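These numbers were taken from a predicted model, which means no experiment stands behind them.
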Amino acid sequence: MIKKTIIITITSLLFLSCNNDSETVSSFDIQKLRSDIITNTETSITNNFIKSIDDLNNSIQIFTTNPNESNLLLAKNTWKTAAKNYSLIQVLNIGEIKTSYIQTSFLAG
């Protein structure tokens with residue numbers, strides 16, 4: 001009895017959800033979507049990631065030249081920032097990120 005009730009309910013919902021009105025759906029411009037993603041999202045995320053990698057490189061060089069606790073803390077903080085920025089760009093899985101295996105550099109933290 002319960003199975004019949006569930007089947008009737010699901011069938012009724014499907015029947016009611018079907019619509020005979022023929023609505024035309026405007027064509028979807030995939031090229032515009034890709035362009036918008038690259039312009040509005042990917043470019044700024046990539047630029048932030050590149051800057052954070054440059055900052056990380058500089059802080060590591062500073063620590064290597066003058067190893068002390070404050071320089072170590074600076075290197076740790078810039079590493080965390082670079083890892084956060086990488087996590088944003090990793091989702092896009094684009095360009096050389098896809099094949100560089102840079103993600104292994106951020107797994108230790």
Side-chain angles (χ1 to χ4, degrees):
M1 181 68 177
I2 294 176
K3 288 183 182 180
K4 286 184 180 182
T5 305
I6 292 173
I7 292 173
I8 290 172
T9 304
I10 292 174
T11 305
S12 298
L13 289 173
L14 287 174
F15 179 73
L16 292 174
S17 68
C18 293
N19 190 344
N20 286 338
D21 295 339
S22 60
E23 296 178 19
T24 57
V25 178
S26 62
S27 63
F28 184 74
D29 188 359
I30 191 72
Q31 295 297 343
K32 174 138 176 52
L33 175 66
R34 289 179 183 161
S35 174
D36 288 346
I37 289 172
I38 289 170
T39 303
N40 299 328
T41 305
E42 185 272 332
T43 303
S44 63
I45 292 172
T46 301
N47 290 340
N48 288 340
F49 177 63
I50 291 169
K51 182 186 178 318
S52 65
I53 291 297
D54 288 339
D55 292 345
L56 177 60
N57 187 38
N58 291 336
S59 67
I60 290 171
Q61 288 178 356
I62 290 169
F63 176 72
T64 303
T65 304
N66 187 8
N68 60 40
E69 193 169 334
S70 65
N71 288 341
L72 176 61
L73 184 60
L74 174 66
K76 285 181 178 182
N77 288 335
T78 55
W79 178 87
K80 288 177 186 177
T81 301
K84 287 177 186 175
N85 288 336
Y86 172 74
S87 70
L88 297 173
I89 199 169
Q90 179 188 20
V91 174
L92 299 173
N93 198 20
I94 57 167
E96 293 186 25
I97 295 296
K98 188 174 189 176
T99 58
S100 70
Y101 300 105
I102 195 168
Q103 68 273 14
T104 58
S105 301
F106 296 112
L107 296 177

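Applying the side chain to side chain donor-acceptor pair (under 3.5 Å) rule to K51 yields the partners D55; only residues at least two apart in sequence or on another chain are considered. Scanning for side chain to side chain donor-acceptor pair (under 3.5 Å) contacts around T65 gives an empty result, with sequence neighbours left out.
Distance check, rounded to the nearest 0.5 Å: CG of L74 to CD1 of I60 gives 10.0 Å. Between F49 atom CZ and D54 atom CG the span is 10.0 Å, to the nearest 0.5 Å.
Nearest heavy atoms, N85 versus N48: ND2-O, 3.4 Å. For the pair S59 and A75, the tightest heavy-atom approach, listed with the atom from each and the gap, is OG-CA, 3.5 Å. A82 and S52 get closest at one heavy-atom pair: CA-OG, 3.5 Å.
Panel note: side chain N66, backbone I62; no donor-acceptor pair is recorded below 3.5 Å.
Contact check for E69 versus L73: no side-chain heavy atoms found under the 4.5 Å cut-off. For the pair N57 and I53, the minimum side-chain heavy-atom distance is 4.5 Å or more.
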